[in-house]
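Take a look at the structure set out below.
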Amino acid sequence: MDTAFFLRWIAAVTERVRADRDHLTDLDRAIGDADHGANLDRGFTAVEEALAAKPPETPSAVLTTTGTTLIRKVGGASGPLYGTLFRTLGRAVGEVPEVSQEALAEAFAQALAAVMKLGSAQEGDKTMIDALAPAVPELRTSFDAAARAALDGARATTPMRARKGRASYLGDRSIGHQDPGATSTALVIDALRAA
Amino acid sequence: MDTAFFLRWIAAVTERVRADRDHLTDLDRAIGDADHGANLDRGFTAVEEALAAKPPETPSAVLTTTGTTLIRKVGGASGPLYGTLFRTLGRAVGEVPEVSQEALAEAFAQALAAVMKLGSAQEGDKTMIDALAPAVPELRTSFDAAARAALDGARATTPMRARKGRASYLGDRSIGHQDPGATSTALVIDALRAA
Amino acid sequence: MKKLINAVGDVVPDTLRGMAAAHPSLRVDVENRIVLRAAGPTPGKVGLVSGGGSGHEPLHAGFVGYGMLDAACPGEIFTSPVPDQMIEATKAVDGGAGVLHIVKNYTGDVLNFEMAAELCAEEGAHVVSVLVDDDVAVQDSTYTAGRRGTGATLFVEKMAGALAEQGAPLEAVAAMARTVDARSRSFGVAFSACTVPAAGKPTFDLGPDEIELGIGIHGEPGRSRERFREAREIVRVAMDAIDADLPFSGDVLVMVNGMGATPLMELYVAYGEVDAYLREKGATATRCLVGDYVTSLDMAGFSITTCLLDAELTSLWDHPVETPALRWGR
Amino acid sequence: MKKLINAVGDVVPDTLRGMAAAHPSLRVDVENRIVLRAAGPTPGKVGLVSGGGSGHEPLHAGFVGYGMLDAACPGEIFTSPVPDQMIEATKAVDGGAGVLHIVKNYTGDVLNFEMAAELCAEEGAHVVSVLVDDDVAVQDSTYTAGRRGTGATLFVEKMAGALAEQGAPLEAVAAMARTVDARSRSFGVAFSACTVPAAGKPTFDLGPDEIELGIGIHGEPGRSRERFREAREIVRVAMDAIDADLPFSGDVLVMVNGMGATPLMELYVAYGEVDAYLREKGATATRCLVGDYVTSLDMAGFSITTCLLDAELTSLWDHPVETPALRWGR
Ligand SMILES: Nc1ncnc2c1ncn2[C@@H]1O[C@H](COP(=O)(O)OP(=O)(O)O)[C@@H](O)[C@H]1O
Ligand SMILES: Nc1ncnc2c1ncn2[C@@H]1O[C@H](COP(=O)(O)OP(=O)(O)O)[C@@H](O)[C@H]1O
Ligand SMILES: [Mg+2]
Ligand SMILES: [Mg+2]
Ligand SMILES: [Mg+2]
Ligand SMILES: [Mg+2]
């Protein structure tokens, strides 16, 4: 997968986030503060601009610019978390012109660890980790399998009681709602198929 | 008409005001500040207490106590206006044990003049004057006729454009609503029949 | 009706009890509904008394203290107080230099203050009354009760209060109050009606896209109902109405006042537009207040009050003030 | 959604522009979203930086000035600011004695401030962070993100700010901030949800007889939904929750805070009940604030924040302060 692939991926994510913006915000209204869609839309719009302003020449540069821009523009919990995810991916793939499926899968494993460390969340805490963690091993086999795993993981957050992020303040009242961050993570993974 | 008659009259007014409280407030909501019923109810409840605490021994005392109590307890535009009405009645009937129909009518004529002077309102300004003024001449003949005239006068305020009081701020938008003060005045006059 | 109250009939006394507990600088007579400075009257100083219906908090009781009022008389909600309150207050604050009554121009306030002033005069007190009538939404003509007194009341209380504190005689303090009123104008806009507790429902109904222009401070509907617009345009309507009546020039004191349920954030957005408007007209907002000062219970909306300043008014505005709701310089 | 704004995307910059116009004591960088004291950093004084999502006005920008913050970083509405803002602010206020970051305990605020502090430290700045986590409605356990930071933020900013102004070193100022947080507790109640402009509809729906108990300041629903009750009972629920966590005794600083759409009158009614409750417990409300200080856009409701005072805290509270939203002593 070359630089163009990663640019297509990020473009697809940007498009999906824009399309699903209100849905993500609605999910966040139920158990958060009604801004998750707006946050990611603001962030990826800035990413789009950053990538257009100074087109990166390696896969690593695409991913690092994406991560840094998200950290600089999103704020909230998702800014540092998604920012760390993409920056870790960028560091892990290294300065190469092409990234193998295996190398990408390995980079995602490192990114998952970094995000879990930053947010100190575990699987089952009803966060983006619940979509990311099951997808990572599947990335070795196929994007389709990873996308399915992420989507299933996101859906599986519905009956969970949140233990991290704003939703945790709701205690048992967080049960019965799908986590917005897990939902957007499923979208990010799913967009790999379109790239 | 003796002291007992005037006590019955004020008691009847008190009862009617209580029963029509919400209606009067609703009328005031449309073109005023939604307090006319509450104002009069508070005032006449205080009158009831004052008359019970120190039972007056003449018609004049009944009327003066009523007027003074209204001034002391109502506030708003209607406090001084109704207070002046009853105080003027009290002064005009004089310290006699019985008041003739003619003397009462004459006292009402003086009260009308006093209220018009205090509020500098004319007939047609969409105020309590529009119920009071047509009733006063009829008082010489019968309470029934006076009550009818007051009620007709109150109803006739509906198409008027207010020129005094809060309703005047609404300009043309005051048109189409019956004046709360004229409505309560019709009730005061009508209560003479029950006394 | 969800209100943070105990019982409809207890709102005013409960509010006063809360104020008494919160502000040791005030002496609150809950029974007789009079709010005084705890320190008592200042000998030789003109006393300032104001009052009006409750529901406009912090007006008036929140402006009792050094540099502003000596006493406030809160009436029932939206109902002017009764003469007894004003008479008691007048007696309590008379430091020997006479007492100024600051009266908002409403039939009820005017009549009750008039009765009080007459009775005070009969008892030998020296009382002068000034009317505040700043609301340009009301045509001042023989066909109305005259303009309403709204936001400028705060300006009058502040500047006349400063002059009184500086030792000026009653006539000068009253003249200053009239000057401030003459230089001040207001215009109000409602996004929602308010609910008088005793009435239990909103004073009017507004559709989701409607606003009322030219409202007063008692939940009355305004002069016209219009389509909701962006802040810049709504501010322009209000400022145009004021400018048409008394053109802006020079230094201007501006209050962007919330009606009770409008967030401070939105008031700052509006203030930014007011500031830009004045620049366009070649005038300058040199002093301002942004916040809830003269409210209408839980109404959403705002009002703009302006006062054309000169050096004297500016220095009276800057004079120290120490009240629950307005404080600087000490 | 009727809001006094120009466009959904412009609310934060328009608010900052309004603040800049209204308060010459502030230097507002609208582009980079940083609010500073116009006078610049005080040499030798510890700099205080705070920040968080917008929509809580006057928090934080309204508390920038003598005796409180040196800088505030406003994020998007209810969204924590980004590290760039905090880094710029930290540099701008460093007077050579280091900088204190006052962080409300939310995942977003914590993570972004952490990143900023790391980068500042890499560049050689001396930064210490303190977390504010005063909300007793949230169980503080390994199963939550910990208690939320709400009203006590104001207390921390005020008292740590006073100590910094008095020349104390960074470690002492940070320790004081932690002490104030440890002695402070909050509990919030919503009568209505708020509407985030970008979302366009209320964050939750409440029936005409329902209230949310234990809400935070971001329009999140609370811990439970209950039937509407009179002020005395609602205040008791809030005070009982606080008292169970940190029993009242001695001198207490109390803030009865409006969430944005609750009239001052009602806040005073509530304050009267708080005062009575404390007396019952043998404690005394010796200092208080009643008004809108830490808001949630247009939410109706209120919160109570208390802090157990001692002589030192009382004197830090009384220390002069001169900010747009809190001012006394100068
Ligand atoms: N500690 C955490 N670890 C991992 N993900 C988290 C954590 N806290 C929150 N999240 C994710 O962030 C999402 C919320 O993002 P967003 O709404 O943009 O930020 P905020 O909560 O600051 O408003 C949640 O749905 C959750 O998936
Ligand atoms: N100048 C006036 N002269 C006579 N009646 C008046 C005048 N102004 C107001 N009123 C009467 O008072 C009524 C309103 O009384 P009320 O609601 O109790 O007082 P307020 O207007 O102060 O709230 C009006 O409906 C009108 O009939
Ligand atoms: Mg969120
Ligand atoms: Mg009325
Ligand atoms: Mg009234
Ligand atoms: Mg957020």
Side-chain angles (χ1 to χ4, degrees), chain B residues 21-22 24-43 45-46 68-84 87 115 117-122 124-128 161-174 177 181, chain C residues 8-9 33 51-53 55 73-85 87 106-116 135 137-139 141-148 193-204 212 214-225 296:
Chain B
R21 178 197 154 103
D22 291 349
L24 293 172
T25 291
D26 274 346
L27 292 175
D28 199 29
R29 176 180 302 109
I31 56 171
D33 59 350
D35 65 358
H36 188 57
N39 287 347
L40 291 190
D41 187 18
R42 183 174 63 252
T45 298
T68 305
T69 305
L70 292 176
I71 289 177
R72 297 190 55 185
K73 295 294 175 182
V74 174
S78 52
L81 292 165
Y82 271 117
T84 297
R87 280 170 58 91
V115 175
K117 177 153 178 276
L118 180 64
S120 52
Q122 305 292 321
D125 285 352
K126 193 174 185 122
T127 70
M128 54 171 71
R161 185 182 185 286
R163 283 195 289 246
K164 282 283 175 275
R166 279 176 203 293
S168 71
Y169 305 136
L170 287 178
D172 287 344
R173 294 176 89 192
S174 65
H177 301 275
Chain C
V8 164
R33 303 203 178 170
C73 307
E76 283 295 322
I77 288 178
F78 292 172
T79 302
S80 86
V82 296
D84 284 7
Q85 289 167 271
I87 295 165
Y106 298 99
T107 309
D109 294 63
V110 171
L111 294 182
N112 285 284
F113 264 106
E114 247 172 46
M115 290 197 161
D135 185 353
V138 173
Q139 255 100 51
S141 76
T142 45
Y143 299 111
T144 65
R147 285 186 163 168
R148 295 179 284 224
C194 58
T195 300
V196 176
K201 42 188 167 172
T203 49
F204 53 84
E212 283 278 335
I215 51 142
I217 56 173
H218 300 89
E220 318 91 319
R223 295 285 295 190
S224 66
R225 181 164 296 195
S296 284

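Lettering follows sequence order; numbering is per chain, from 1.
Around the CZ atom of Arg225(C), the shell of radius 6.0 Å holds more than 12 heavy atoms that belong to other residues, nucleotides or ligands.
For a residue to count as touching a neighbouring chain, one of its non-hydrogen atoms must lie under 4.5 Å from one of that chain's; by this rule Arg173(B) touches chain C with the side chain only. If you measure heavy-atom distances from Ala30(B) to chain C, the contacts under 4.5 Å come from the backbone alone. With a threshold of 4.5 angstrom between heavy atoms, Glu76(C) approaches chain B through side-chain atoms but not through N, CA, C or O. Using a 4.5 Å cut-off between heavy atoms, Asp172(B) does not touch chain C at all. Of the two parts of Ser78(B), neither the backbone nor the side chain holds a non-hydrogen atom closer than 4.5 Å to a non-hydrogen atom of chain C. If you measure heavy-atom distances from Pro221(C) to chain B, the contacts under 4.5 Å come from both the backbone and the side chain. For a residue to count as touching a neighbouring chain, one of its non-hydrogen atoms must lie under 4.5 Å from one of that chain's; by this rule Ala162(B) touches chain C with the backbone only.
The candidate with the highest count of non-hydrogen atom pairs below 4.5 Å against chain C, out of Ile71(B), Asp26(B), Thr25(B), is Ile71(B). Interface summary for chain C: among Ala167(B), Gly76(B), Ser168(B), the most heavy-atom pairs under 4.5 angstrom belong to Gly76(B). The most heavy-atom pairs under 4.5 Å with chain B, out of Val110(C), Leu111(C), Thr107(C), come from Leu111(C). For the set Thr84(B), Asp22(B), Val74(B), the entry with the most heavy-atom pairs within less than 4.5 Å of chain C is Val74(B). Looking only at heavy-atom pairs under 4.5 Å with chain B, the residue among Gly219(C), Gly52(C), Gly216(C), Pro83(C) that has the most is Pro83(C). Chain B forms more heavy-atom pairs under 4.5 Å with one residue of Gly214(C), Ala199(C), Gly53(C) than with any other, namely Ala199(C).
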Step-by-step side-chain hydrogen bond (donor to acceptor under 3.5 Å, both in side chains) determination, Thr68(B) to Arg87(B): CA-CA 7 Å; Thr68(B) 305; Arg87(B) 280 170 58 91; 2.9 Å; yes
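Between Tyr106(C) and His218(C), the ring planes are perpendicular. Angles over 60° get that label, and only those under 30° would be called parallel.
A heavy-atom distance below 4.5 Å is found between the side chains of Thr45(B) and Asp41(B). Side-chain contact check for Asp35(B) versus Arg42(B): every heavy-atom pair is 4.5 Å or farther apart. Side-chain contact check for Asp33(B) versus Thr203(C): every heavy-atom pair is 4.5 Å or farther apart.
Listed for the Asp125(B) side chain is no donor-acceptor partner under 3.5 Å among the backbone atoms of Lys164(B). In this structure, the side chain of Arg21(B) does not engage the main chain of Ala38(B) through any donor-acceptor pair within 3.5 Å.
We find that Lys73(B) and Asp84(C) are not joined by a salt bridge, their nearest charged nitrogen and carboxylate oxygen being 4.0 Å or further apart.
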